[in-house]
Each structure stands twice: as C-alpha cells, then as structure tokens.
Protein chains: 2
Amino acid sequence: MTVYSKKKSQDSMDVISVAIVEDNHDIRTAMELLINGSEGYACIGTFNNAETALEQIPHLLPNVALMDFNLPGGMNGIECIARLKAEFPDMQFMMLTVYEDDDKIFQALEAGASGYILKKTSPGELLEAIRDLHEGGSPMSSQIARRVVAYFQKQAKPNPALEALTSREKEILDQLSKGFLYKEIASNLYISIETVRRHVHNIYEKLHVRSRTDAVNKYYNR
Amino acid sequence: MTVYSKKKSQDSMDVISVAIVEDNHDIRTAMELLINGSEGYACIGTFNNAETALEQIPHLLPNVALMDFNLPGGMNGIECIARLKAEFPDMQFMMLTVYEDDDKIFQALEAGASGYILKKTSPGELLEAIRDLHEGGSPMSSQIARRVVAYFQKQAKPNPALEALTSREKEILDQLSKGFLYKEIASNLYISIETVRRHVHNIYEKLHVRSRTDAVNKYYNR
DNA sequence: ACTTACTTAACACGAAAATGTGATTATTCG
DNA sequence: CGAATAATCACATTTTCGTGTTAAGTAAGT
C-alpha cells in the first residue's frame, strides 16, 4: 500500500477540516481521535449514517469528508457523495472502505470521490492521504490504481472486427456514427447515395449487424 | 485502523529483470547502475532509441521495461509501448517522463503502460515502483492519479438534457441505444408499438434531434 | 496476364423509422 | 378537487433504411 506524495507540504500548515461518515463506532471514534490529535487536522463532525451527514455537512463545510461505503438506512456512501459533490464541487471526498472490487471503485470515482483507500491503511498514511487529497492529489493504493488503469486500457482498444473494414468503409462508418442521413453522407463524400448504401451493406456484413445503431455500438466498442 | 500490511516482497525475492529505453546517456547509466546495484533487480538491457528496443526486447523478455517519452528517431516511447504490449501482454511498462499533462498520461496508459512516474522520482521510490509494477500495482504519483480520476468523473456526468426526460422515456431511450426495433421495444416493455412511437417522438423533441443515432449520441454524451 | 479486393453506381422492394394529429387513462401535486 | 404531467393507444403519410442483384472501372499483387 504505497502512496507517493508529490510534496510533503510542511510549508502551508493550514488546518484541514475533516468530516467522518462511518457507522462503526470504534472506527469512527478512532479516526476522530487520530485526526483531532494531529497537528494541522481538525475533525469538525462525525456521522453514523448518510442522511444525517447529508443534512449537517452543508452547514459544516469541511475541506475533506471521509466516507464509508456501507451505511445503515437507505443510502450508501456512494449516493451520499454524489449528492454532496453535486452541491459542493470543491469539497473533497475520500472513500474509505474494505472493498477492492472494480464496481465499487468505479462507482465511487464516478460519484465524485477523488481518493479511495482501504480501511487497513495505517494511521500515518491516512493522515498523509487526507492532506494529499486536500492538496489536489488522488491518494489510492497502487493496487486500486491498477484497476482504474485497466479500465482505461480496456476502453482504448478498438473492436478487432473494425480492422476488417477498408479505410473507405471506416470513413462511412464514422459518418454513420455521427447520425448523418445517407444522402448527407453521399454529399459529404461526393459519392452517390447508392454507393453509400452499398458500403453500409458491406459494413453490416463484416460487423454482423443489421442496423445502424448496432454498427455504431460496435464502432464505440459497446 | 488496525492491521499494518506493508506489501513489501517478503515472500519470494525473485529478481526482477528490467530493460531501460532512454536516450539521455547520464540518466540511462544512472538507472542501470541503480538497478544492478540493488538486490532483487537486474538490468538486462538498455537502449537509446525505440527502434533498437523494439528489435531486442522480444529476445530479452524483461519483466519490466522503463520507457522514456522522447526518443530520437521516428518513434516515441508511447508507440514503442503499444507495439511491444500488443505482442507481450504480460510485460509491464513504466512510463518515465517529465511530462505531467493529461494527453501524455492518457496516451501512455492507453498504449499499455501500467505505471507512470516522473523522472524526478527518487532512486528508492523508483525501485519500489518497479517492484510494485511487477507485483500488479500501478505506481503513479497521486497528482497523476488525480488526472486519471478526473477523466473518469468527466466521463460520468450525463448530459443535463437527459434530465428533462421522464423515467419511462429514459427507459425507451436506453432500449433505442441498444438497437432494438420499435416492435421489440414494445414487446420488451409490454406496451403498444404506437406508444413506443409516441415516446420516441417526445424524446426527439426534448433532445432536439431527428434520428435515433443522434439521440443515442446524446445519451452517451457525445 | 490473371486474379482478388476496393470503390463506384443503379434499380427495385419491403421494412422500419420519422412526422403530424388526436385521444383516453393514471398519477402527481398544489 | 381540479390542473398539470405522464403514459398509453391509434391512424395516415412520407422518408429513410436495409436487402438483393448486377456491374463497371481501378489498384494491387501472383
């Protein structure tokens, strides 16, 4: 579990205000004590459920909010982050959980969490991660980072079926994907609409689809 | 905050073989000396350009390749990674550069780099990053991680125009995006095809589009 | 010189989609 | 309780799309 921090930031030692949303009493109290016992950090609020947090945090306006995933009641930490982030885009959220699976990670990041660390993280590293987050970093273990990177790489590689298309066909497909009518494509590429039809037909055959939408979906790897 | 689990390689101290692709002679030699001088690491090849690396690395098969961005000759480090990764998916690539801008980062990750660290990284951290990479992590500074996360979040936020759609309309749009015919949508949702037609019509009006493809493009925020 | 593949083009037919207009139930909300 | 919104169904017309078939000119490679 390594977090490389760009700068250790002893310079501007302004106090970072922190809120904690965590249902487990022991963990919550331990974190509160840790944060309040460390210079440069202040825990200004703790909550054991999302609903209360959602109500109080807008008044407290902490710099950083630590969020557990599982919370009692109808709302989980992800949803709680999403709502708060929508209203306070500058507030920084750190997901603090035991889950390491892709779904949870991506959901959290999409909801607006910028940091994602595991509960087994040491007190020292937690403090460092909080500061890191506050200063514009995205603290996460390199294991977590790998998941995110893998997602990137998966997204990047195009459907190999597209390679079977000729350059002209790719051009046509690109026009199709942009929603142009056949006659528009024909006029854009200075060819007859019948030729467009033929190309489209060949494209559909090669991609094994029977409609524009399916072809475009393959084009975008969905 | 209980368990302290430092993922140092306590288990098998197998030697990690490393190749270096870097045109600057001083940096290259310094890294080579660092790696060969450290237990558990072996530098089995160094190259000052992409072409030679592309030719030799397939014979050396290092565990990890450190890649500079700027290289003399026609090929840069990104392209070099892309080609090698395509042939050797298990080989791990670390981008080692001075650039911190989004484009370079994303390009490197898409090409297949799993680690991305800056040249100013300390020798100790470099070694740690190499081992980390070899063990399945994605070492990167939290600043770099933030860029990646930001990309995620940007991708996530849906087109606000979609909010104007009713839940039923969103449901229809989702079916449209999957390429279903009207009659298939009708049967999937247990409604008449005429109702589907009507919903589609309303959707198009709200999204200001005139075709399925345009609607789907808006749905996917394109 | 002879394939093979790509691009271009035309015509016809039926299926599907888009447009326009109208109308009947639920549901929600002040 | 009314009013607004959402969801449902219907019919007619026009346009676009998908498919089948045929074929000529070009470029690349054996």
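At the phosphate of dA18(C), neither OP1 nor OP2 sits under 4.0 Å from any side-chain N or O atom of Arg212(B). The side chain of Thr195(A) contributes no N or O atom lying less than 4.0 Å from OP1 or OP2 of dT7(C). For dT8(C), one of the phosphate oxygens OP1 or OP2 lies less than 4.0 angstrom from a side-chain nitrogen or oxygen of His199(A). Dashed line: the shortest gap from a side-chain N or O of Tyr182(A) to OP1 or OP2 of dG18(D) is under 4.0 Å. Here Ser167(B) reaches the OP1 or OP2 of dA7(D): one of its side-chain N or O atoms lies under 4.0 Å away.
Residues satisfying the side-chain hydrogen bond (donor to acceptor under 3.5 Å, both in side chains) criterion with Gln153(B), sequence neighbours excluded, are absent altogether. Residues satisfying the salt bridge (Lys or Arg N to Asp or Glu O under 4.0 Å) test with Arg28(A), not counting sequence neighbours, are none. With sequence neighbours left out, the salt bridge (Lys or Arg N to Asp or Glu O under 4.0 Å) criterion links Lys85(A) to no other residue. Checked against salt bridge (Lys or Arg N to Asp or Glu O under 4.0 Å), Arg147(B) has the following partners two or more places apart in sequence or in another chain: Asp102(B). Applying the salt bridge (Lys or Arg N to Asp or Glu O under 4.0 Å) rule to Arg146(B) yields no partners; only residues at least two apart in sequence or on another chain are considered.
Counting only heavy atoms from C-beta on, Ile191(A) has its side chain closest to dT8(C) among dT8(C), dA18(C), dT7(C).
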Polar pairs (N or O, both sides) under 3.5 Å between protein and nucleotides 19-21 of chain C?
unit_1  : atom_1 : unit_2    : atom_2 : d
dT21(C) : O4     : Arg198(B) : NH2    : 2.5

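Sequence neighbours left out, the pairs with a member in residues 51-109 of chain A that pass ring-ring contact (aromatic ring centres under 6.0 Å, His included) are Phe69(A)-Tyr99(A), Phe106(A)-Tyr151(A), Phe106(A)-Phe152(B). For residues 202-222 of chain A, the set of pairs meeting the salt bridge (Lys or Arg N to Asp or Glu O under 4.0 Å) definition, not counting sequence neighbours, comprises Glu169(A)-Lys206(A). Residue pairs meeting the side chain to side chain donor-acceptor pair (under 3.5 Å) criterion with at least one member in residues 178-190 of chain A, sequence neighbours excluded: Asp174(A)-Lys178(A), Gln175(A)-Asn188(A). Counting only residues at least two apart or on different chains, the salt bridge (Lys or Arg N to Asp or Glu O under 4.0 Å) pairs with a member in residues 55-75 of chain B are Asp68(B)-Lys119(B).
Comparing Lys206(A) and Ile193(B) against DNA chain C, the residue whose closest nucleotide sits nearer the 5' end is Lys206(A).
Within the 4.5 Å cutoff, no side-chain heavy atoms of Asn48(A) are placed close to those of His25(A). Side-chain contact between Leu133(A) and Ser114(A): present, with at least one pair of heavy atoms (C-beta onward) separated by less than 4.5 Å.
Regarding Ile185(A), its CD1 atom lies at a distance of 13 Å from the P atom of dT8(C), rounded to whole Å. Glu205(B) has its CD atom 13 Å from the P atom of dA6(D), to the nearest Å. Atom CG of Asn202(B) is separated from atom P of dA18(C) by 14 Å (rounded to the nearest Å). Atom CD1 of Ile203(B) is separated from atom P of dA18(C) by 11 Å (rounded to the nearest Å). Distance Arg168(B) CZ to dA26(C) C1': 13 Å, rounded to the nearest Å. In this structure, CG of Asp214(A) is placed 11 Å from P of dA17(C), rounded to the nearest angstrom.
An end-to-end axis angle of 60° holds for the helix from dA1(C)-dT30(D) to dG30(C)-dC1(D), taken from five base pairs per end and rounded to 10°.
Note on Ser192(B): only backbone sugar-phosphate atoms sit closer than 4.0 angstrom, heavy atoms only; bases stay farther off. Residue Thr166(A) is classed as a sugar-phosphate contact, given heavy-atom separations below 4.0 Å to backbone atoms only.
Glu79(B) has a carboxylate O that lies under 4.0 Å from a charged side-chain N of Arg83(B), or vice versa, which qualifies the two as a salt bridge.
Within residues 169-180 of chain A, no residue places a heavy atom under 4.0 Å from DNA chain D.
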